[in-house]
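Right, one structure below, let's go through it.
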Amino acid sequence: MQTRTATCSCGQLSIEVNNPPLGAGICHCFACQRRTGSVFAALAAFAPPYRTTGTATEYLRVGDRGSHYLFRFCPVCGTSLFHTEKGAEAMYVAVAIGCFADPDFPPPEDSVYDCRRHSWVVLPEGTKTYDKNPD
């Protein structure tokens with residue numbers, strides 16, 4: 001079993017996952033751009049179990065198709081560390097890839113909301129793109 005730990009910028013909040021990633025992707029939607037302060041969010045999904053330490057501030061966002069996502073942020077440094085989807089908590093947790101601070105982390109397989117991707121963002125070769133969310 002492979003254990004990975006992702007932490008916020010100040011180290012107060014962390015998440016430890018014990019399984020290989022189910023997948024990794026990039027989201028270019030405007031909500032993710034605003035949430036991260038970057039031009040996209042890079043996320044990896046992991047099956048439970050996982051363990052968190054520290055205190056998180058939560059933010060509930062409703063997606064374009066009505067899904068409810070509960071984002072967890074560090075209340076000290078503001079890092080957006082991980083989120084779950086209401087009703088799918090037992091299936092996966094999505095963790096911000098940059099919070100692993102691992103330059104060898106596998107590249108994304110998927111890019112969603114490609115219709116909102118900044119023209120200068122170049123995706124890794126072989127990344128599957130979706131105009132919005134895949135069906």
Side-chain angles (χ1 to χ4, degrees):
M1 186 162 15
Q2 181 179 21
T3 299
R4 294 179 188 266
T5 302
T7 61
C8 67
S9 183
C10 73
Q12 185 276 138
L13 181 62
S14 68
I15 183 168
E16 180 182 278
V17 293
N18 298 305
N19 292 306
L22 298 169
I26 296 173
C27 182
H28 304 275
C29 79
F30 293 146
C32 281
Q33 289 182 34
R34 290 184 180 110
R35 180 178 57 81
T36 64
S38 183
V39 296
F40 58 82
L43 303 162
F46 295 88
Y50 59 89
R51 183 174 70 89
T52 62
T53 58
T55 303
T57 297
E58 297 180 343
Y59 170 70
L60 183 65
R61 181 171 66 83
V62 179
D64 289 353
R65 295 184 180 172
S67 298
H68 291 76
Y69 299 97
L70 191 57
F71 291 90
R72 275 57 160 233
F73 297 82
C74 174
V76 177
C77 66
T79 300
S80 176
L81 188 61
F82 66 97
H83 73 271
T84 53
E85 181 181 352
K86 292 282 191 171
E89 298 91 346
M91 294 174 13
Y92 75 95
V93 60
V95 182
I97 293 173
C99 293
F100 289 109
D102 177 4
D104 294 322
F105 199 92
E109 295 115 19
D110 300 300
S111 175
V112 299
Y113 280 92
D114 216 58
C115 65
R116 297 181 181 154
R117 176 167 42 114
H118 289 235
S119 61
W120 50 264
V121 172
V122 179
L123 301 174
E125 189 173 323
T127 304
K128 189 180 240 182
T129 62
Y130 299 91
D131 193 46
K132 293 203 175 173
N133 268 334
D135 291 334

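Sequential numbering from 1 along the given sequence is applied to the chain's residues. None of the values given here were measured: they were computed from a predicted structure.
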Spacing of CZ belonging to Arg4 relative to CD1 belonging to Ile97, to within rounding of 0.5 Å: 9.5 Å
Can we call the ring centroids of His83 and Phe71 under 6.0 Å apart? yes
Establish, yes or no, whether a centroid distance under 6.0 Å links the rings of Phe100 and Phe46. yes
Note, [X] side chain near [Y] side chain (heavy atom, < 4.5 Å):
X      : Y     : result
Glu85  : Tyr92 : yes
Phe105 : Pro21 : yes
Asn19  : Gln2  : no
Arg116 : Phe30 : yes
Ile15  : Thr5  : no

Do His28 and Ser111 pass the side chain to side chain contact (heavy atoms under 4.5 Å, CB included) test, and can you show the C-alpha distance, the side-chain angles, and the key distance before you say yes or no? CA-CA 8 Å; His28 304 275; Ser111 175; 2.8 Å; yes
Aromatic plane relationship, Trp120 with His118 - under 30° parallel, 30 to 60° tilted, over 60° perpendicular: perpendicular
According to a 4.5 Å side-chain heavy-atom criterion applied to Ile, Leu, Val, Met, Phe, Trp and Tyr, with indirect links allowed, do [X] and [Y] form part of one hydrophobic cluster?
X     : Y      : answer
Phe40 : Leu43  : no
Leu70 : Tyr59  : no
Ile26 : Val121 : yes

Check [X] against [Y] and note the closest heavy-atom contact, atom names and distance.
X      : Y      : value
Cys74  : Cys77  : SG-N, 3.5 Å
Leu22  : Ala47  : CD1-N, 3.7 Å
Thr127 : Pro108 : OG1-O, 3.6 Å
Tyr113 : Cys27  : CD1-SG, 4.2 Å
Thr55  : Pro75  : O-CD, 3.1 Å
Cys32  : Arg61  : SG-NH2, 4.2 Å

Would Tyr130 and Asp114 count as a side chain to side chain contact (heavy atoms under 4.5 Å, CB included) if you check the C-alpha gap in whole Å, the side-chain angles of each, and the deciding distance to 0.1 Å? CA-CA 6 Å; Tyr130 299 91; Asp114 216 58; over 6 Å; no
Which residue, Thr53, Thr52, Thr7, forms the side-chain hydrogen bond (donor to acceptor under 3.5 Å, both in side chains) with Ser14? Thr53
Looking only at atom types and distance, does a side-chain atom of Glu16 sit under 3.5 Å from a main-chain N or O of Tyr50, one as donor and one as acceptor? no
Give a yes or no answer on whether the side chain of Glu89 reaches the backbone of Gly87 with a donor-acceptor pair at less than 3.5 Å. yes
Between Arg51 and Val17, does a side chain to side chain contact (heavy atoms under 4.5 Å, CB included) hold up when you go through it step by step? CA-CA 7 Å; Arg51 183 174 70 89; Val17 293; over 6 Å; no
Could you go through the side chain to side chain contact (heavy atoms under 4.5 Å, CB included) check for Arg117 and Val39 one step at a time? CA-CA 7 Å; Arg117 176 167 42 114; Val39 296; over 6 Å; no
Pick one: which of Val95, Thr84, Thr57, Thr79 meets side chain to side chain contact (heavy atoms under 4.5 Å, CB included) with Arg72? Thr84
